[in-house]
Amino acid sequence: MSATVYQMAYFLRDQYEAAWERGLLNATSYRDHGDYRRENEQTMRALAARSTTAIRVMRLNVTDLLAYAQREGKDPAGRQTRLDFAGWLHKAGHTGELWPPERNAACWCGSGGKYKKCCGNAGFLAVEPADPASLVLRIELDGITPRVWRRVAIPSNTPLDQVHLMFQEAMGWHDQHMYAFETHTHTIIDPRSDSGEATADGERLVSIATQPGATFTYVYDFGDHWTHTVTVEEIRPGGADNTFTILDGEGACPPEDTGGAARHQYLLDALADPSSPDHDEAVDQLGADFQPAKAR
Ligand SMILES: [Zn+2]
């Protein structure tokens, strides 16, 4: 049993509007306060499902946040600054609101309504947010020269099991093996796995791709263990054309089941060198017309 407490940094409606006006939020945040509350409720549910950590909602005040950021020399618009400020409030003696409230108790969000009729309501939780951001991601396969990479745009509210299928299509894999997303703090795994970790059908892309420059790892095939470094390059406001798009890329995806990055690199080198003792095997495995630098 962990004694740690997770502080959910939260803006009441008027403070949320003030935070937008001060430029403290970016396109990964929903513009609508209802969508923002829904996302927070879903995040806390996902967190509760994968750990025994106590969850408290810490209400942030824009004026105090700005003062804290200035005092600590932190970026006032940074997500981590909000989390750090929530942690600081807790250490300073603010207890916040314990989550989840009783069904008939006042909702954690400060609306004044009962939890069961507000953020705990199944109908409220089922609504799809209207205007998610478009996240531009660079996916690069680790350990291969010439580089194998793709640039894609994906709506921020896409569940990670769908993101997996998009990555498969973009890279050129054939979805024949299990996968995992790994962040600096946790692993989110293929729902077909029985590992007991958080599963990808319960989490959305925005939960691991939170700001430009953020990185995470996508692992495909726990045998060959192909690892891809994914970088959030840009966050664009959503809109009518906010759908999954492959924007750019270079390098040919390895065939399935060839043994992983080191083995694939060896085969690439043997393919390029007709005098190599393994040239014939490389032709056999990769195909005589395999073009390593071409995306398709
Ligand atoms: Zn509520």
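- Using modelled atom types, no side-chain atom of R59 and backbone atom of E97 make a donor-acceptor pair closer than 3.5 Å.
- Side-chain contact check for D142 and T229: at least one donor-acceptor pair (N or O, by modelled atom type) lies under 3.5 Å.
- Under the 4.5 Å side-chain criterion, counting only non-hydrogen atoms from C-beta, R150 is not in contact with F167.
- Within 6.0 Å of atom CD in Q70, 12 or fewer heavy atoms from other residues, nucleotides or ligands are found, so the atom counts as exposed in its surroundings.
- Side-chain heavy atoms closer than 4.5 Å link hydrophobic residues (I, L, V, M, F, W, Y) into clusters, and following such links, even through other members, never connects I144 to Y266.
- For the salt bridge (Lys or Arg N to Asp or Glu O under 4.0 Å) test, no residue two or more places apart in sequence or in another chain qualifies with E256.
- More than 12 heavy atoms of other shown residues, nucleotides or ligands fall within 6.0 angstrom of atom CD in E234.
- Put simply, the side chain of T245 never gets that close to the backbone of L247: no donor and acceptor are under 3.5 Å apart.
- Checking side-chain atoms of H228 against main-chain N and O of Y218 turns up a donor-acceptor pair under 3.5 Å.
- The closest donor-acceptor contact from the side chain of T81 to the backbone of D75 lies under 3.5 Å.
- In this structure, W149 shares a hydrophobic cluster with no other residue, the cluster being traced through Ile, Leu, Val, Met, Phe, Trp and Tyr side chains under 4.5 angstrom apart.
- Of the possible polar contacts, none joining the D190 side chain to the A180 backbone as a donor-acceptor pair under 3.5 Å is found.
- Residues that satisfy the salt bridge (Lys or Arg N to Asp or Glu O under 4.0 Å) test with R138, not counting sequence neighbours, are E140.
- Here the closest non-hydrogen pair linking I235 and L135 is CG1-CD2, 3.8 Å.
- The backbone N or O of D175 sits less than 3.5 Å from a side-chain atom of Q168, completing a donor-acceptor pair.
- The salt bridge (Lys or Arg N to Asp or Glu O under 4.0 Å) check on D269 picks up nothing, with sequence neighbours excluded.
- Panel note: side chain Y10, backbone C109; a donor-acceptor pair is recorded below 3.5 Å.
- At least one donor-acceptor pair under 3.5 Å links the side chain of S156 to the backbone N or O of A133.
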### Message
Is there a side chain to side chain contact (heavy atoms under 4.5 Å, CB included) between T215 and V232? Walk through the geometry before answering.
### Response
CA-CA 6 Å; T215 61; V232 182; over 6 Å; no
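- When every heavy atom of F181 is checked against every heavy atom of H164, the shortest pair comes out as CZ-N, 3.9 Å.
- Sparse packing is recorded around CZ of R147, with 12 or fewer heavy atoms of other residues, nucleotides or ligands lying under 6.0 Å away.
- Enclosure of atom CZ in R71 by more than 12 non-hydrogen atoms of other residues, nucleotides or ligands within 6.0 angstrom is indicated.
- We find that E41 and R45 are joined by a salt bridge, their nearest charged nitrogen and carboxylate oxygen being less than 4.0 Å apart.
- The main-chain N or O of T95 is found under 3.5 Å from a side-chain atom of R56 such that the two form a donor-acceptor pair.
- In this structure, D280 has no salt bridge (Lys or Arg N to Asp or Glu O under 4.0 Å) partners at least two apart in sequence or on a different chain.
- A centroid separation of less than 6.0 Å is found between the aromatic rings of H33 and Y36.
- Of the charged side-chain nitrogens involved, none lies within less than 4.0 Å of a carboxylate oxygen, so that R263 and D278 do not count as a salt-bridged pair.
- Looking at residues two or more places apart in sequence or on another chain, you find a ring-ring contact (aromatic ring centres under 6.0 Å, His included) between Y220 and W173, H177.
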